[in-house]
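Heavy atoms only: backbone and side chains are in, while hydrogens, waters and symmetry mates are out.
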Amino acid sequence: MDYRKINVEIVVFADEADAVVAELNSAIDRMEDAHTIFGGDIEAVPIEKSVARRKSALVHTLAAGDAVVAAVKLASDKIAGAYRRVI
């Protein structure tokens, strides 16, 4: 039988940490009714600096789309300028 360890990292405000840990423990207890869970531990550790939110794939896609639009506009301007010089 194969096993897998599942790691989850959650960053919350320090004053909400105890409530979040209590809710996570409750959720794990409910999961144990439907699934076989071996062991487990919830650890709350203070962090020194604030964690910046990572950009989502959607934000990266939108930024790439903006770059493409700018490149196409620049190319069309250059082509139009070239046509004007020829004509």
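More than 12 heavy atoms of other residues, nucleotides or ligands sit less than 6.0 Å from atom CG of Asp33.
Using modelled atom types, one side-chain atom of Thr61 and one backbone atom of Ala57 make a donor-acceptor pair closer than 3.5 Å.
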Could you check His60 against Leu58 for side-chain contact (heavy atoms from CB on, under 4.5 Å), going step by step and ending with a plain yes or no?
CA-CA 5 Å; His60 284 291; Leu58 178 60; over 6 Å; no

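Val8 meets the side-chain contact (heavy atoms from CB on, under 4.5 Å) test with Ile6, Ile10; sequence neighbours excluded. For Phe13, there are no ring pair (Phe, Tyr, Trp, His ring centres under 6.0 Å) partners, not counting sequence neighbours. With sequence neighbours left out, the side-chain contact (heavy atoms from CB on, under 4.5 Å) criterion links Asp18 to no other residue.
Summarising the geometry, atom CZ belonging to Arg4 is positioned 15.0 Å from atom CZ belonging to Phe38; distances are rounded to the nearest 0.5 Å.
Here the closest heavy-atom approach between residue Ile28 and residue Ile37 is recorded as O-CD1, 4.2 Å. Here the closest non-hydrogen pair linking Ser26 and Arg30 is OG-NH1, 2.9 Å. Nearest heavy-atom pair, Ala17 versus Val12, reported as atom, atom and distance to 0.1 Å: CA-CG2, 3.8 Å.
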